[in-house]
Amino acid sequence: MNLHHFFFMARWARNPPSARRVKIVLVALAICLVILGIEYMGWWPDWARTEPRAPARLPRTGL
């Protein structure tokens with residue numbers, strides 16, 4: 001682990017996030033998991049999907 005992580009954890013231990021912020025993060029995570037589950041089950045509508053893009057090709061230099 002980086003030293004920055006230890007400073008961040010120490011600051012977070014001294015000043016923990018509010019209950020409201022924790023609830024917001026958990027709701028956002030739950031929404032993401034619901035969307036992921038819907039897509040995994042195949043229930044996501046076709047109009048909401050993106051078309052897969054072809055991989056980018058590098059231009060040929062002609063050498």
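Source: prediction; values computed, not measured.
Every residue two or more places apart in sequence or in another chain that forms a side-chain contact (heavy atoms from CB on, under 4.5 Å) with A48 is listed here: W44, P45.
Side-chain heavy atoms closer than 4.5 Å link hydrophobic residues (I, L, V, M, F, W, Y) into clusters, and following such links, possibly through other members, connects V34 to M41. Placement of I31 and I38 within a single hydrophobic cluster is found when ILVMFWY residues are connected by side-chain heavy-atom separations under 4.5 Å, directly or transitively.
Rounding to the nearest 0.5 angstrom, the gap separating the CG atom in N2 from the CZ atom in F7 is 10.0 Å. Note that the CE atom of M9 and the NE2 atom of H4 stand 10.5 Å from one another [nearest 0.5 Å].
Within the 4.5 Å cutoff, the side chain of R49 has heavy atoms near those of the D46 side chain.
The hydrophobic cluster around I24 extends to none of the other residues, as no ILVMFWY side-chain heavy atom falls under 4.5 Å of it. Residues near V25 contribute nothing to a hydrophobic cluster around it, because no ILVMFWY side-chain heavy atom sits closer than 4.5 Å to its side chain.
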